[in-house]
Amino acid sequence: MSTKRAYDPVPLRLSKTIVYRASTAAVVASFFILLLVARLFQLQIVEHERYATQATDNRLTAQTIPPPRGLIFDRNGNILATNQIVPSLAVIKENVDDIDTLLTNVRALVDFSAAEEISFRNRLENAQSDDRVIIKRHLNDEQLAIEAVNRHRFGNILVITEILREYPYKALASHVVGSVRQITIEDLQQLDPVRYRGSKFVGRRGVENYYEDLLHGEIGLRQVEVNASGRIMSEISVEPATRGQTITLHLDIELQRVADKALGDRRGAVVAIDPKSGGVLALVSKPSYDPNVFVTGLEGREYDNLSARADAPLFNRATQGKYPPGSTIKPVLGMAGLATGIIDWELEFDDPKGEFQLPGSDKVWRDWNWSKNGIGGQGQVDLFRSIYRSSNIYFFHLGAVLDIETFAAFLGQWGYGRNTSLDILDADPGILPNSDWKQNNTGDSWYPGDNMNLVIGQGFTLVTPLQLATIATIFANRGEFVRPRLLQSSEQPVDLGPNFPPVLGVSESDWERMIEALTAVVHRGHKGYLQNGLAWFHIGMDIPYQMAGKSGTAQVVAIPEGEEYDEELLPEDQRKHALFFGFAPVHDPVIAVATVIENGGGGSEFAAPVVRQVIDSYLANVVATNDE
Amino acid sequence: MNEGLGGRSARAHHHFFSGSYGQTFKFDIVLITLTMLLLGFGLIVLYSALGQSWSGLLNQAIRLCLGLGCLMLASQLRVSTYYRWAPTVYAGTIMLLFAVAVFGVSNKGSQRWLDLPGLPSFQPSEFLKISLPLIVGWYITTRNFKLKFFDYLALILIVGLPTGLVFLQPDYGTALILLIGVAAMLFLCGVRLRWFGAGLVLVAISAPIIWNFVFRDYHRRRIITLFNPERDPLGAGWNIIQSKTAVGSGGLSGKGLFEGTQSHLDFLPEGHTDFIIAVIGEELGFVWCVALLCCYLLIFSRLMYLSTTATNGFGYVVGTGITVIFFGYVLVNVAMVLGLLPVVGLPLPLVSYGGSSAITTMAAFGVALAVCTHKQDLEK
């Protein structure tokens with residue numbers, strides 16, 4: 001057989017085999033087509049729903065629109081917390097190829113400290129791959145300009161705008177307003193995941209925390225169509241975010257400033273309340289901190305620094321600082337004595353030496369006026385004088401006969417031992433002891449000596465400055481218990497809850513007489529040795545309005561028997577706390593104020609002037625406002 | 001070799017629809033009509049898949065006209081011409097394939113394209129759908145349809161060389177279609193079934209040797225990925241997920257032309273080329289997909305029928321070879337898009353955007369028409 005060079009056609013003869021094979025090929029081809037049709041049927045008919053859903057999921061993405069947080073105003077319309085648009089440098093994690101190159105680029109744009117770098121590296125590590133990680137916040141105009149010029153060089157560095165919470169008054173109102181902080185993974189386990197989708201911040205202290213529900217608002221949803229690379233092609237629907245409610249506090253930021261200045265650099269607290277509404281006009285705790293660092297602080301470093309400080313600026317002394325009430329408890333105990341009938345206004349005790357002994361006990365209880373040479377007696381003391389002179393001896397006599405359970409119950413009506421505020425969640429209840437309390441907390445029973453400590457406000461009893469201001473409010477209201485509150489109004493009214501029942505068991509004349517005694521503390525002057533109101537010399541000599549008040553000086557350490565208290569001999573942190581509460585004007589009070597100055601010395605000398613400055617300022621402004 | 005193709009037959013073929021119209025023009029109106037339907041349908045779908053781009057559509061329309069021209073031209077040549085030129089065409093194709101291996105253009109990890117100055121870039125492997133049937137037909141004819149053991153070895157070399165070159169590009173899909181196409185040609189010529197058994201044994205023996213000694217590491221890796229798309233969820237895995245989603249979401253009647261979200265939002269890769277049937281599935285639904293497959297089956301049937309009407313063995317072998325390879329492209333492409341076969345990167349003949357495939361497919365149709373419908377050679 002030879003290869004044919006030219007074409008010599010072999011005619012086609014369709015044998016049975018060929019026909020059979022060709023038929024087989026046709027059948028096989030048809031079979032394959034049928035197979036494909038079956039597959040199409042499976043995908044397009046049987047599993048259509050599934051793929052249709054998947055196609056929709058592919059193209060539609062719901063984006064959350066975080067709501068703008070509600071603003072916080074003070075009573076005069078000053079803005080305490082606002083939202084600010086802040087330009088920041090950021091990078092999307094998955095766009096970071098080499099972190100060192102990135103940081104070199106960043107340094108070419110802005111100052112970038114080693115601490116910022118550590119923080120950035122940490123946050124970058126913990127971020128999701130498509131997260132925008134903030135490199136540096138609060139770019140200024142110059143930095144923005146530099147970035148714009150160099151944008152082509154540093155393609156992966158973005159300038160983004162963030163809406164950040166800002167507290168214009170910085171440290172001034174931080175203990176009232178509190179702050180937001182960035183939501184952490186732990187927070188997310190407690191927050192409503194739907195409501196907080198897209199939110200970056202949550203209120204964590206103060207009003208920002210308590211009114212989180214009002215302030216946060218409701219997220220909006222934007223449905224967008226995206227392409228495969230995630231670029232938004234069109235907007236399908238928008239459900240706008242509902243901004244958080246604007247809320248107004250009773251707080252008067254200018255009064256707050258006065259109180260802050262009055263305290264100066266001393267550790268302590270001032271609380272001022274409008275007795276008619278219970279609204280907190282000022283609430284100062286010193287030292288304070290700038291809440292803005294919690295918003296823009298990119299890591300816990302600022303927090304660590306603040307919380308490590310010995311003077312505890314994060315600690316809210318006004319609502320959580322617990323102090324022995326000292327002599328500030330005396331007018332309340334006097335009312336208790338009157339209510340229970342064991343004393344009256346006529347009853348007098350003789351105080352020759354400033355000493356008191358319980359029958360059958362050797363222990364000597366001393367007046368604050370006691371001195372080694374035995375001339376510390378205050379003579380004949382009745383209830384009225386025991387208030388304006390703050391006689392310990394009078395109250396030791398009362399302590400010798402009082403029944404702790406009855407008295408504790410009476411004191412309970414004034415808010416001792418409980419948080420009576422309506423919207424200050426973390427306010428400390430303080431301590432109101434009775435025999436059960438002592439048994440539970442010390443394992444010991446109540447002794448007559450405990451009564452002695454109780455009546456001069458030294459023993460187990462502890463109050464917060466807020467509670468002290470509340471007691472001032474109750475006096476100002478002649479027994480009506482208007483509970484303290486921060487919120488004045490919100491867009492949708494909030495029912496904060498009812499007030500407490502008035503203090504029971506005291507007659508109207510008793511209230512007036514006691515308030516007269518408290519007024520005497522401030523105004524009784526020019527009467528001679530041991531005759532003037534204790535605070536008169538310090539605040540009452542030139543006071544242009546009627547003010548009632550009571551000082552207290554709380555010992556921090558026990559003074560050995562037979563020794564005089566000598567401040568010079570004690571380290572600063574063992575010196576007495578200075579306390580004072582007052583209200584004015586006496587006949588129609590518009591403000592009640594309490595202050596505690598830690599280790600601040602005598603209450604009338606050091607605490608009373610703070611209270612007066614606050615009241616002075618407030619009355620001046622109220623008068624000014626009323627005159628308009 | 002066979003009991004079928006040899007010997008003369010006096011059967012005269014005259015059919016209304018096909019054959020010689022006069023002495024000058026050869027034509028099959030059924031095949032042309034089906035082809036034109038397919039091309040028209042393809043252009044409509046392409047207009048959508050190209051994002052309603054008139055310029056892209058115009059490009060493709062020009063190529064299709066060129067293809068139709070090739071079809072007409074190729075169908076006019078004599079059978080003897082194809083016979084004479086078969087070895088030259090084959091040799092030319094082999095040279096082009098070597099050229100691809102040496103200085104071809106790489107795209108997406110494989111080197112399939114040749115970019116010669118003055119010519120649009122093209123895929124030489126596409127020519128194999130013509131030159132391989134021709135050379136196989138030529139060889140069998142030279143052996144007077146009586147194949148011996150040596151002839152099978154020769155055929156293995158003849159087919160193995162270009163197929164191997166295509167395989168190494170790598171273009172597994174085309175290589176597979178060519179191999180199966182040639183096997184089908186031999187089957188259709190009546191080669192005894194035991195030879196196919198022998199072939200299977202040969203494959204079984206040589207496969208591990210090729211795997212271990214011929215393949216490089218990247219070949220092996222690619223083939224492993226091919227069958228495990230989940231290893232490459234953003235590459236082949238993504239393609240398959242998105243194409244199934246596109247097809248499945250189309251349902252019975254589709255989302256409407258231009259309304260496909262998978263294709264128009266770029267979820268579906270290669271929507272206008274290899275994955276065009278996913279666009280059809282998404283926008284026009286099950287009904288039109290089935291219609292399209294039926295059209296392909298009709299073209300297959302018509303070509304097969306024309307092959308059996310050939311007056312000579314050479315025509316029959318070449319005609320069936322072209323038919324089977326064409327159909328192989330259709331099956332593999334659709335099966336790939338529907339997730340039944342790995343993603344191998346093949347166009348859907350006559351519908352996918354692109355010149356090489358459409359023009360060579362239509363030229364192949366022309367060759368098939370020429371070798372199956374020309375009668376004058378018989379009269380010689």
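In what follows, chains are A, B, ... by sequence order, proteins preceding strands, each numbered from 1.
- Under the 4.5 Å side-chain criterion, counting only non-hydrogen atoms from C-beta, V290(B) is not in contact with L36(A).
- In terms of heavy-atom pairs under 4.5 angstrom with chain A, the leader among G251(B), G281(B), G339(B), C294(B) is G251(B).
- The side-chain heavy atoms of L265(B) and N58(A), taken from C-beta on, include no pair separated by under 4.5 Å.
- Side chains of L252(B) and F41(A) form no contact here, defined as non-hydrogen atoms less than 4.5 Å apart.
- Heavy-atom neighbours of F196(B) CZ from other residues, nucleotides or ligands within 6.0 Å: above the threshold of 12.
- In this structure, W195(B) places its CH2 atom where more than 12 heavy-atom neighbours from other residues, nucleotides or ligands lie under 6.0 Å away.
- Of the inter-residue distances, the one linking Q54(A) atom CD with K244(B) atom NZ reads 9.0 Å to the nearest 0.5 angstrom.
- For L292(B), no part lies under 4.5 angstrom from a heavy atom of chain A.
- Residue T320(B) does not touch chain A at all, counting heavy-atom pairs closer than 4.5 Å.
- Taking 4.5 Å as the limit, every side-chain heavy atom of L188(B) sits out of range of all side-chain heavy atoms of I18(A).
- Counting heavy atoms from C-beta on, the side chains of E225(A) and T261(B) come closer than 4.5 Å.
- Within the 4.5 angstrom heavy-atom criterion, only side-chain atoms of F300(B), from C-beta onward, approach chain A.
- Taking the side chain as every heavy atom from C-beta outward, I45(A) and F286(B) approach each other to under 4.5 Å.
- In terms of modelled atom types and a separation under 3.5 Å, the side chain of Q44(A) and the main chain of S249(B) share no donor-acceptor contact.
- Minimum heavy-atom separation, G248(B) to H48(A): O-ND1, 2.8 Å.
- With a 4.5 Å cut-off on side-chain heavy atoms, F32(A) and V330(B) do not count as touching.
- Here the closest heavy-atom approach between residue A55(A) and residue K255(B) is recorded as CB-NZ, 3.9 Å.
- Using a 4.5 Å cut-off on side-chain heavy atoms (C-beta onward), T24(A) and F187(B) make contact.
- When each of V28(A), V19(A), L40(A) is scored by its heavy-atom pairs under 4.5 Å with chain B, the top score falls to L40(A).
- Under a cut-off of 6.0 angstrom, the local environment of CD1 in I163(A) is sparse, with at most 12 non-hydrogen atoms contributed by other residues, nucleotides or ligands.
- Formation of a donor-acceptor pair under 3.5 Å by the R39(A) side chain with backbone atoms of A335(B) is not found in this model.
- Here OG1 of T56(A) is found 9.0 Å from CD of Q262(B). Values are rounded to the nearest 0.5 Å.
- In this structure, no portion of S301(B) lies under 4.5 Å from any heavy atom of chain A.
- In this structure a side-chain-to-backbone donor-acceptor pair under 3.5 Å is present from R21(A) to V191(B).
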